[in-house]
Amino acid sequence: MIRVLIADDQPLVRRGLALILAPHPDVEVVGEAGDGAEAVELAGRLSPDVVVMDIRMPVLDGVRATAELARTRPGSRVLALSTFDMDEYVVAALRAGAYGFLPKDVSPEELIAAVRTVHAGEAAVAPRLLTRLISTYVRAAPREPRPAVSASPTGMTPRELEIWRLLAGGFDNAEIAAELDISVSTVKNHITGVFGKLGVRDRAQAVIAAYESGLVEAERKPA
């Protein structure tokens, strides 16, 4: 049974999300919160497996609530929600520890699939959407000369570095396997190694690290 806490400042949205999740026998909605502070407090009492968290809320926003849950209740995995699919707050939530992100206009099937994915400990963000989000909104370091990324800082092998670059480019595991002519299981093994050497938990944080390190370049928004 997946225990779910819903956090959104709009009662109608909370009720709608609960009604979508309720018919599924493997999901139980254990509580609803109207702001981030209430979400953190309820998570402490109810021990949900997944917190479906609106990003923009009063009192304590979803980004700060996500960071607090990642620090104090890592077993309560956050699935972030936003009205817009391109939102710098989404990247902030992923940085803070959210396991996934959905825009609020997704289908009921996509919502339940994402809840199950996050519960399994996997990132629930489409790879190419993730890359587009991060390349647009990541806070890249100021423009100054910096050394090229190599295997030495993290001890990565050339193959791991290549897979990290493809992952940051929005390739999913099957596409990486086809590009490098290796099996998907081999890709998964290499990605596990990449995560370990970067000290990150999931795909989202690995992509953020790729942009912040200079492995790939962030887009420059027009002034």
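Reckoned from all heavy atoms, side chains included, excluding hydrogens, waters and symmetry mates.
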For residues I112 and I20, determine if any side-chain heavy atom of one lies less than 4.5 Å from a side-chain heavy atom of the other.
-> no
Would you say the side-chain atoms of S47 and R73 include a donor-acceptor pair closer than 3.5 Å?
-> yes
Going through the distances and angles, do K188 and I191 end up as a side-chain contact (heavy atoms from CB on, under 4.5 Å)?
-> CA-CA 5 Å; K188 290 179 179 178; I191 287 176; 5.7 Å; no
Report yes if the side chains of V207 and E212 come closer than 4.5 Å at any heavy-atom pair, otherwise no.
-> no
State, with a plain yes or no, whether a side-chain heavy atom of T83 is found less than 4.5 Å away from one of R56.
-> no
Distance-minimising heavy-atom pair for G31 and L46 | CA-CD1, 4.1 Å
Any donor-acceptor pair under 3.5 Å from K104 side chain to S82 backbone | no
Transitive ILVMFWY side-chain link V59 to V51, under 4.5 Å | no
Main-chain N/O of G62 paired with T66 side-chain donor or acceptor, under 3.5 Å | yes
Correct closest heavy-atom pair for M53 and A65 would be CE-CB, 3.7 Å
Would you say W164's side chain and V194's backbone share a donor-acceptor pair under 3.5 angstrom?
-> no
Could you give me the CA-CA distance, side-chain angles and deciding distance for Q205 and L94, then say whether side-chain contact (heavy atoms from CB on, under 4.5 Å) is met?
-> CA-CA 7 Å; Q205 293 183 349; L94 293 170; over 6 Å; no
Main-chain N/O of D8 paired to R14 side chain as donor or acceptor, under 3.5 Å = yes
Side chain proximity check, L17 to L81, heavy atoms < 4.5 angstrom | yes
So, for L5 and A43, which heavy atoms are closest and what is the spacing to 0.1 Å?
-> CD2-N, 3.9 Å
Would you mind reporting whether L111 and P108 have side-chain heavy atoms less than 4.5 Å apart?
-> no
E110 side-chain N/O to V106 backbone N/O, donor-acceptor pair under 3.5 Å = no
Begin from the C-alpha positions of V187 and N189 and carry the test side-chain contact (heavy atoms from CB on, under 4.5 Å) through to its verdict.
-> CA-CA 5 Å; V187 171; N189 289 337; over 6 Å; no
Counting only N and O atoms by type, is there a donor-acceptor contact under 3.5 Å from the side chain of R77 to the main-chain atoms of V50?
-> no
Any donor-acceptor pair under 3.5 Å linking the side chain of N173 with the backbone of I176?
-> no
In plain terms, say whether R45 and E41 are close enough for a salt bridge, that is, a side-chain N and a carboxylate O under 4.0 Å apart.
-> yes
Minimum heavy-atom distance L79-A114, with the two atoms named | CD2-CB, 3.8 Å
How long is the span from the CD atom in E175 to the CG atom in L167, to the nearest 0.5 Å?
-> 11.0 Å
Are E179 and L166 side-chain neighbours, meaning at least one heavy-atom pair lies under 4.5 Å?
-> yes
Contact summary for E32 and A18, nearest pair of heavy atoms | OE2-CB, 3.8 Å
Could you walk me through whether L215 and L161 pass side-chain contact (heavy atoms from CB on, under 4.5 Å), step by step?
-> CA-CA 9 Å; L215 179 73; L161 194 64; 4.1 Å; yes
State yes or no: do L69 and I2 share one hydrophobic cluster built from I, L, V, M, F, W and Y residues joined by side-chain heavy-atom distances below 4.5 Å, directly or via other members?
-> no
If you draw a 6.0 Å radius around CZ in F195, do more than 12 non-hydrogen atoms from other residues or ligands fall strictly inside?
-> yes
Nearest atoms (heavy-atom pairs only) where A33 meets L42 = CB-CD1, 3.9 Å
Look only at the side chain of D49 and the backbone of R3, and say whether a donor-acceptor pair between them is shorter than 3.5 Å.
-> yes
Does V118 share a hydrophobic cluster with L102, counting links as ILVMFWY side-chain heavy atoms below 4.5 Å and allowing steps through other members?
-> yes
What about I6 and F101, same hydrophobic cluster or not, with Ile/Leu/Val/Met/Phe/Trp/Tyr joined at side-chain heavy-atom distances under 4.5 Å?
-> no
Non-hydrogen side-chain atoms of V90 and I55 separated by less than 4.5 Å | yes
Going by an N to O cut-off under 4.0 Å, is there a salt bridge joining R159 and E162?
-> yes
Do I208 and I163 sit in the same hydrophobic cluster, where Ile, Leu, Val, Met, Phe, Trp and Tyr count as joined when their side-chain heavy atoms come under 4.5 Å apart?
-> yes
